[in-house]
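Here is the structure we will look at.
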2 protein chains.
Amino acid sequence: MKEMMKSWRHVFKLDPDRELDDRSLDAVCMSGTDAIMVGGSSGVTYENTIDLLSRVRHYELPCVQEVSDMESIVPGFDLYLIPMVLNSSNPAWIVGHQQQAIERFGYLIPWELLVTEGYIVLNADSTVAQLTDAYTELEPLGVVAYAQVADKLMSLPIVYLEYSGTYGDMETVRAVHEELEDAQLIYGGGIKDLHTAQQAAAVSDTIVVGNIIYENLEQALQTVQVVK
Amino acid sequence: MKEMMKSWRHVFKLDPDRELDDRSLDAVCMSGTDAIMVGGSSGVTYENTIDLLSRVRHYELPCVQEVSDMESIVPGFDLYLIPMVLNSSNPAWIVGHQQQAIERFGYLIPWELLVTEGYIVLNADSTVAQLTDAYTELEPLGVVAYAQVADKLMSLPIVYLEYSGTYGDMETVRAVHEELEDAQLIYGGGIKDLHTAQQAAAVSDTIVVGNIIYENLEQALQTVQVVK
């Protein structure tokens with residue numbers, strides 16, 4: 001599954017803390033997207049995560065959990081994505097939470113299912129930026145440098161440019177994409193229709209489409225055309 | 001050279017900021033050690049580093065620089081070891097300095113010569129612990145957990161247990177060694193004679209012998225017997 005993940009071009013990200021009726025979930029899962037990612041920055045619990053997982057499991061597509069909080073880790077996902085927020089001002093979000101989780105639950109961890117993401121959080125106003133105390137005042141070259149720390153110094157399999165809630169600077173995304181040697185570049189933030197999806201897909205390996213699912217399902221579904 | 005480094009069992013660490021006469025340097029370099037590591041936590045400059053490198057280069061053994069400060073990076077070493085201090089309370093010592101160096105000098109960096117070290121600094125009273133604001137109040141399992149972050153989440157080639165200035169808890173070192181899957185375990189700190197060298201070598205992949213060179217050269221030279 002880790003290998004398969006590299007080929008994903010389009011992922012829908014579902015937030016366990018937000019409502020999605022069965023018909024909408026069916027449309028999302030049958031859309032032709034490559035995978036479902038489950039996670040969010042606030043209000044994610046074990047209960048609402050397991051509820052969402054069990055609903056997505058009626059479909060055949062891969063379903064992975066992006067872990068933001070140990071309490072909400074649910075067994076049964078195909079993979080667990082572990083973010084390290086590289087531009088956090090708080091060591092806890094870079095390596096500390098991960099270290100504590102391993103200290104407490106190391107013997108239970110299915111290491112072979114973990115995929116570490118080098119996260120770079122770039123929208124200062126987003127919940128995730130505030131939660132992780134991210135330093136977002138970066139020049140494009142500064143963003144590229146964080147990506148190279150992840151790719152070349154740390155050999156992380158994924159660099160995740162997270163513009164959560166806003167559409168990113170595509171020139172910065174392109175610059176990162178050009179400098180990455182091995183890491184897969186995931187782009188997330190502000191994709192709201194086919195046009196923005198196409199632009200982001202042109203400068204990254206994988207795009208993540210989230211909020212628009214809850215705001216305009218029709219437009220969200222159109223973004224899948226980038227992989228067709 | 002990166003591959004070769006994995007086979008090193010014994011390394012002498014020389015501090016550019018400390019005096020070592022030619023005869024002593026000759027004894028160190030002809031001792032049978034696997035390599036010379038050049039670096040220190042304070043007073044390291046471009047000038048004293050290049051001076052030491054040029055003296056060591058009269059000998060055939062590998063010579064690597066452990067980079068603690070961008071200003072003192074000198075061309076001509078076989079490898080450059082880049083520490084990430086995982087238990088630092090300051091993000092700058094985990095990823096920040098590295099990111100800034102790449103942002104400023106990325107195009108000059110010989111990536112193929114870099115080796116990233118997951119540093120865990122464990123002697124609270126040491127210069128390096130104070131410089132990096134290291135959180136040293138760790139249970140053995142907490143140290144193991146940091147090592148696993150480096151080995152399993154970050155895939156770093158090296159975990160470096162740095163007890164700088166004091167002899168470490170060998171049970172903790174052993175526990176780390178047993179849990180590492182791929183990373184090479186380097187132990188440094190307080191090795192002052194053959195006995196302490198043997199104990200540390202028994203629970204790690206590579207031992208680093210430093211201070212004792214300047215305090216008791218004869219005893220320092222005896223530590224090389226662990227690899228003979």
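Order of the sequence lines sets the chain letters (A, B, ...), proteins ahead of strands, with each chain counted from 1. These figures come from a predicted structure and were not determined experimentally.
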Turns out that what part of B/I94 lies under 4.5 Å from chain A's heavy atoms comes down to side chain

Whatever's closer than 4.5 Å to a heavy atom in chain B on A/L153 counts as both

Quiz item: Do you see a donor-acceptor pair shorter than 3.5 Å between the side chains of B/N123 and B/S126?
Solution: no

So, the part of A/L114 with a heavy atom under 4.5 Å from chain B: the answer is side chain

Scored by heavy-atom pairs under 4.5 Å with chain A, the best of B/Q148, B/E181, B/M84 is B/Q148

Next item on the list: Examine the side chains of B/H177 and B/D205 and answer whether a donor and an acceptor come within less than 3.5 Å of each other.
Entry: yes

Next on the checklist: Is the ring pair B/Y163/B/Y187 parallel, tilted or perpendicular, if the boundaries are 30 and 60 degrees?
Outcome noted: tilted

A/Y119 side chain to A/E66 side chain, donor-acceptor N/O pair below 3.5 angstrom: yes

task: Please check if the side chain of B/T33 supplies one atom and the backbone of B/H10 the other of a donor-acceptor pair under 3.5 Å.
output: yes

Bottom line for A/V144: the part with an atom under 4.5 Å from chain B's heavy atoms is neither

If one checks every heavy atom of B/I109 against chain A at 4.5 Å, the contacting part turns out to be neither

If one checks every heavy atom of A/N87 against chain B at 4.5 Å, the contacting part turns out to be neither

Check: Going by an N to O cut-off under 4.0 Å, is there a salt bridge joining A/D182 and A/K6?
Finding: no

